[in-house]
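Just below is one structure, and these are the notes that go with it.
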There are 2 protein chains.
Amino acid sequence: MLHAVIMAGGSGTRFWPESRRLMPKQLLQLAGDSTMIQSTAARLGGTIPADRQWVLTNEVLVDAIGKQLPGVPGPQILGEPFKRDTAPCIGLAAVSIAHGDPDAILLVLPSDHVIADAAAFGRAIQAGEKLIQQDPTRIVTFGIKPTYPAESFGYIQRGDVIAGSDVDAFDVQRFREKPDRQTATEYLAGGDFYWNSGIFLWRADTILSAMKKNVPEMHARIETIGAAIGRDDFDAVLRKEFEAINGKSIDYAVMEGYPNVAVVEAPFDWDDVGSWQAIARLHPSDEHGNTVVGNHVAIDTTGCIIRTRPDHTVTTIDVDGLIIVQTEDATLVAPKHAEERVREIVKRLEADSRQELL
Amino acid sequence: MLHAVIMAGGSGTRFWPESRRLMPKQLLQLAGDSTMIQSTAARLGGTIPADRQWVLTNEVLVDAIGKQLPGVPGPQILGEPFKRDTAPCIGLAAVSIAHGDPDAILLVLPSDHVIADAAAFGRAIQAGEKLIQQDPTRIVTFGIKPTYPAESFGYIQRGDVIAGSDVDAFDVQRFREKPDRQTATEYLAGGDFYWNSGIFLWRADTILSAMKKNVPEMHARIETIGAAIGRDDFDAVLRKEFEAINGKSIDYAVMEGYPNVAVVEAPFDWDDVGSWQAIARLHPSDEHGNTVVGNHVAIDTTGCIIRTRPDHTVTTIDVDGLIIVQTEDATLVAPKHAEERVREIVKRLEADSRQELL
């Protein structure tokens, strides 16, 4: 059976002050009336119903996510007791799901992306599932056709076309880390590079075998956790083994060395909603290029991104290209080009122990 | 006896969003722990005690001012039922005070200026009082030595020195309206010009006589109001007559044509607290030239003026020269050079009937 593994452990510090430790990006309404994770679950619904959706997250977020996703069975929202990057998280999901469905195929995806066309997304998943049914050891990735020389994404270089797929699919020639501007421009011109969407499809036993080969110690601890499923000491075992794991990303632990990877060309619009400028991509702007979510009174204001609470009004005079985000206890003002530096504010608040703002 | 007439009818729209219709600038803490009007009353205290302090204001502000100035007798806080500029307001004060003290000398002063040295201020008032005792028909103004070619103040051109004054005092040669940059530069270079502080000293009967001569219809209505003092129909008479007055400023109605005006050179620092940049003059700035009243977390931020509520933090990255004022329901973001345009925001809010923000 096909299961979804929604990765919801991120902190989304670039969305501070909206995003907080206990209310990170994936739990926020950043595009539309649903939160990011609610949209993710709803988009999957037609392909993978809620009873086969699993969420992996920081243990402090389990309750909040349960409230946002009432359709997902409670035991399928798994809290990681320690932050150990994506490989242990995916391993935990794999043993948990394989425990009840040894032939499970897992769609692993972030909880905080926007994909406009759920039907196209569903077709791409089904095409990927077919590629795995053809070759159970295959790992399927989903590649986004680049539209500009992005430096903020990893890239996938495609190789030979895979015959008989319902959508465009290729063998993966190589994964590439986030490039510099020059390299990104070459990738864009080359035409055989995709942005790595961070969405993967594999059989649970395939990813566990790959982990056993590449990161055996991590795999052993994951198997120890898997063996404790249903036992009274499960929480204690999870805590002990997870803490001892040497965290690694799934890309580094498995993907980059795996010999049998396919890339499906995504037939859908995709946005990784990485920072505040995504708000401008995801909402209409006024005739002066301002994107407003909330209340704004403007005099000579152009190209700004304004977000306020419903009971607050931001007013601006003679400014251009600012991001202004107003929340109950904190307001951010920064030019768009400094949006990545929002993380520096969060680091400063951490250094100053401003827990109330984190 | 010497009485103070504190003019507190202004709206202070340049201090929006802090300043509101029911909580204008003079009722705000803009410099220090007291409100502007509390500081004004306290500064006067050593020279003119609270029981001889009178406040003229918009009738909707009478209660709020009474709470802020518990030492001032309630009947001495006079509410104007209509906005009719400064001349009727000063006339109303004059008839009200002269009713109980026909020889009253009135110090008329704004409620929203900052004067650092109360003792020097007191000495200047006493010197002015002496000039009036020498010549009861004299009107005394207080001139501030200009430190830059300000375009936002009226000017007083001095003439001959007045002998025998305790402080530098001169006959006034001429009042000048707000000049353009070029003219202001000439005034500054000329050396015989003062900024008009808007502080005046005169006998109540002197100003009433001058009004009778220059604006007889206004004077007649003011006398009608004065004749009703103590009668049951006072409020009705005040309302009827005040509404019928053709409003004029005291400068236009009396001062500019009056033949016997002296100017005392103010031996005190003075700030008219006209707009948000005054906050930078009145508070210390950090090593990056930022003036912060409230909570601010800054990354690469220079030359900003930040004001927040105690329970809110404004954060900025890579910005220079911005005014950011955060209040419960509205936030202003504008470059310093646009501070005069804050009024445009208020006008826009009025046009849009955003009563809740006015």
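In what follows, every chain begins at residue 1, and chains take the letters A, B, ... in the order their sequences are listed.
- In A/Asp33, the CG atom is not crowded: 12 or fewer heavy atoms of neighbouring residues, nucleotides or ligands sit closer than 6.0 Å.
- Residue A/Arg21 qualifies as open at atom CZ: its count of foreign heavy atoms under 6.0 Å is 12 or below.
- Residue-environment remark: CD (B/Glu177) stays at or below the threshold of 12 foreign heavy atoms within 6.0 Å.
- Per-residue heavy-atom pair counts under 4.5 Å with chain A were compared for B/Ala338, B/Pro17, B/Ala334, and the maximum is reached by B/Ala334.
- Residue contact with chain B, scored on non-hydrogen atoms closer than 4.5 Å, is absent for A/Ile323.
- Each of A/Val319, A/Val297, A/Val314, A/Ile299 has some count of heavy-atom pairs under 4.5 Å with chain B, and the biggest count is that of A/Ile299.
- For B/Asp318, the parts lying under 4.5 angstrom from a heavy atom of chain A are both the backbone and the side chain.
- Remark: A/Asp329 CG to B/Asp311 CG distance equals 8.0 Å, nearest 0.5 Å.
- Neither the backbone nor the side chain of B/Val325 has a heavy atom closer than 4.5 Å to any heavy atom of chain A.
- At a threshold of 4.5 Å between non-hydrogen side-chain atoms, the residues A/Leu332 and B/Ile317 count as touching.
- Heavy atoms from other residues, nucleotides or ligands lying under 6.0 Å from CG of B/Asp271 number more than 12.
- For a residue to count as touching a neighbouring chain, one of its non-hydrogen atoms must lie under 4.5 Å from one of that chain's; by this rule B/Glu328 touches chain A with the backbone only.
- Exactly one residue among A/Leu322, A/Thr331, A/Val333 makes a side chain to side chain contact (heavy atoms under 4.5 Å, CB included) with B/Thr316. That residue is A/Val333.
- Residues of residues 343-358 of chain A that come closer than 4.5 Å to chain B, counting heavy atoms only, are A/Glu344, A/Ile345, A/Arg348, A/Leu349, A/Arg354, A/Leu357, ordered by residue number.
- Proximity to chain B is limited to the backbone of A/Thr327, based on heavy atoms less than 4.5 angstrom apart.
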